[in-house]
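Before any comments, here is the structure.
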Amino acid sequence: QAIDDDCNQTGQLLAAMLDWPQGTFASRVELEDGAVRVQREVDGGLETLRLRLPAVLTADLRLNEPRYATLPNIMKAKKKPLEVIPAADLGVSGGSPRLKVLQVQEPPPRAGGEKVENVEALVEKLRQSGRI
Amino acid sequence: AMAWRVAPRAAARLLLGRRGIASCIDPSTGLTEDQKEFQKVALDFAAKEMAPYMAEWDEKEIFPVETMRKAAQLGFGGIYVKPDVGGSGLSRLDTSIIFEALSTGCTSTTAYMSIHNMCVWMIDTFGNEEQRCRFCPSLCSMEKFASYCLTEPGSGSDAASLLTSAQRKGDTYVLNGSKAFISGGGDTDVYVVMCRTGGPGPKGISCLVLEKGMPGLSFGKKEKKVGWNSQPTRAVIFEDCVVPVGNRLGAEGQGFNIAMQGLNGGRINIASCSLGAAHASVLLAQEHLTVRKQFGEPLANNQYLQFRLAEMATRLVAARLMVRNAARALQDGREDAAVLCSMAKLFATDECFGICNQALQMHGGYGYLKDYAVQQFVRDIRVHQILEGTNEVMRMIVARNLLQG
């Protein structure tokens with residue numbers, strides 16, 4: 001999920017364009033011969049996929065602990081070259097974004113809830129509203 | 001019990017500050033981009049690697065060797081030591097910022113790290129090439145740890161009257177005497193010892209580097225202290241301890257000068273540790289005032305407490321500015337650096353103890369319980385008003401500058 005638009009699509013788009021398998025939200029990655037075993041956390045527990053390589057993986061917070069930057073590296077970072085490459089030089093056409101934001105709105109405010117007398121009434125209400 | 005009542009990541013947010021909240025005491029204001037990066041690493045490290053353990057280290061008197069080695073891997077073992085022997089080559093101001101940040105995680109451990117750093121700097125600065133190469137790399141990585149040995153049972157504030165003698169015998173010195181209150185003593189590997197090679201007074205003092213295992217070097221019992229419990233404190237005893245002449249830093253008679261120059265930086269570092277403890281305590285007090293309710297409202301609605309918190313914040317910023325100003329003077333080699341370091345140490349350690357103590361008071365009865373971190377900050381920084389030159393000696397130094405020039 002990109003920190004600007006939170007779209008959660010870059011890895012998935014890449015996999016589709018390359019026609020490679022994808023393993024997203026990886027919380028655990030194990031390399032095997034010519035394949036990779038990717039695990040992610042889902043509501044019901046853990047989901048594990050075995051993907052043939054090459055594959056596209058996206059990482060979740062739970063995958064690892066990022067290293068601390070060391071003081072010498074922080075100082076060296078200043079001196080590293082920052083090369084600016086125009087998109088055209090890489091043979092990428094159309095620099096303008098293909099996504100247009102039409103509207104941004106808040107979700108509707110929460111409506112009040114309703115108290116019921118007993119369990120039977122609760123079950124009846126849930127049935128009526130199509131929840132069960 | 002967890003020292004910090006909040007989890008490490010939340011502690012980091014608390015320390016780094018939510019946007020707008022407590023921005024008046026934000027320690028990153030006025031810093032360069034690089035300095036903000038150093039501070040961020042140090043605050044992260046403090047929140048994740050130190051804060052969750054500070055209570056346990058205090059209670060069980062654990063010297064957290066592995067944690068300090070992790071810190072050394074990031075460059076915290078020889079912060080202002082030259083890079084050619086493994087140091088990070090940073091300035092005194094960078095160092096102050098780093099120790100202030102680390103101190104929010106565990107003041108006692110950070111204070112020991114600052115003493116270690118001071119010793120490595122002394123060898124780096126006054127040692128010859130052979131000594132620098134022999135000692136500094138393993139100290140910068142904290143493969144080995146160091147202790148600073150000046151104080152004796154009979155000479156504290158009157159440091160120049162020290163009695164430990166070092167008699168020249170061929171190409172060795174033979175040491176006899178003892179040092180008191182040595183931080184790390186008995187657990188550390190390298191001892192920077194000020195001893196008497198010549199006549200009385202400061203000019204008869206030289207600086208020798210000793211190593212654990214040298215025959216004639218032994219240690220007293222581990223002292224039981226009110227705070228600073230994550231570092232052992234012992235007497236260091238010399239009984240016909242033979243030390244090669246090649247272990248002397250600088251010239252004979254230069255030892256006192258080396259010791260005092262080390263202390264200038266040491267004073268800034270100790271003051272910086274006090275700043276970190278005070279900052280953490282202000283945030284703890286602020287959180288408590290918002291959460292605790294009495295007489296039907298949060299304590300934070302009480303004007304007396306609002307005013308007290310404001311005073312604490314104001315004094316913290318004043319102290320921080322004093323310390324950073326002194327750090328700049330020292331790194332720029334200004335003539336007034338030593339006296340500014342003394343003023344900063346005096347002011348910051350006194351003010352910050354007051355701040356931590358006030359924060360404890362604001363916690364009410366809870367402040368007195370070891371489940372809450374604030375009491376440990378109070379206990380840990382109390383000694384900062386005493387060591388590396390008592391605050392009384394700091395006044396002597398400032399008065400001398402004012403009256404004798």
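Per chain, numbering begins at 1; letters A, B, ... match sequence-line order. All values below come from the heavy atoms of this structure, side chains included, with hydrogens, waters and symmetry mates left out.
- Of the inter-residue distances, the one linking Ile74(A) atom CD1 with Lys36(B) atom NZ reads 14.0 Å to the nearest 0.5 angstrom.
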Ignoring hydrogens and angles, write down the donor-acceptor pairs under 3.5 Å from the side chains of residues 121-132 of chain A, residues two or more places apart or on other chains.
unit_1: Lys125(A); atom_1: NZ; unit_2: Glu114(A); atom_2: OE2; d: 3.0
unit_1: Ser129(A); atom_1: OG; unit_2: Lys125(A); atom_2: O; d: 3.3
unit_1: Ser129(A); atom_1: OG; unit_2: Leu126(A); atom_2: O; d: 3.2

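- Here side-chain hydrogen bond (donor to acceptor under 3.5 Å, both in side chains) pairs that include residues 11-31 of chain A, with residues two or more places apart or in two chains, are Asn8(A)-Gln12(A), Arg28(A)-Glu30(A).
- By the neighbour-count criterion of 12 heavy atoms within 6.0 Å, atom NZ of Lys70(B) is sparsely surrounded, having that number or fewer from other residues, nucleotides or ligands.
- In this view, Ile3(A) satisfies the side chain to side chain contact (heavy atoms under 4.5 Å, CB included) rule with no residue, not counting sequence neighbours.
- Within a 6.0 Å sphere centred on CZ of Arg52(A), heavy atoms belonging to other residues, nucleotides or ligands number 12 at most.
- The two residues Leu74(B) and Pro72(A) have their closest heavy-atom pair at O-CD, 3.9 Å.
- Contacts with chain A (heavy atom to heavy atom, under 4.5 Å) involve no residue of residues 135-144 of chain B.
- The shortest heavy-atom contact between Thr70(A) and Gln73(B) is CG2-O, 3.6 Å.
- Annotation: side chain of Met75(A) is in contact with side chain of Phe38(B) (closest heavy-atom distance under 4.5 Å).
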Does the side chain to side chain contact (heavy atoms under 4.5 Å, CB included) test come out yes or no for Lys78(A) and Glu33(B), once each step is laid out? CA-CA 10 Å; Lys78(A) 246 197 321 195; Glu33(B) 282 312 310; over 6 Å; no

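- Atom CG of Asp4(A) has more than 12 heavy atoms from other residues, nucleotides or ligands within 6.0 Å.
- The CG atom of Asp94(B) sits 8.5 Å away from atom CG of Leu71(A), with the distance rounded to the nearest 0.5 Å.
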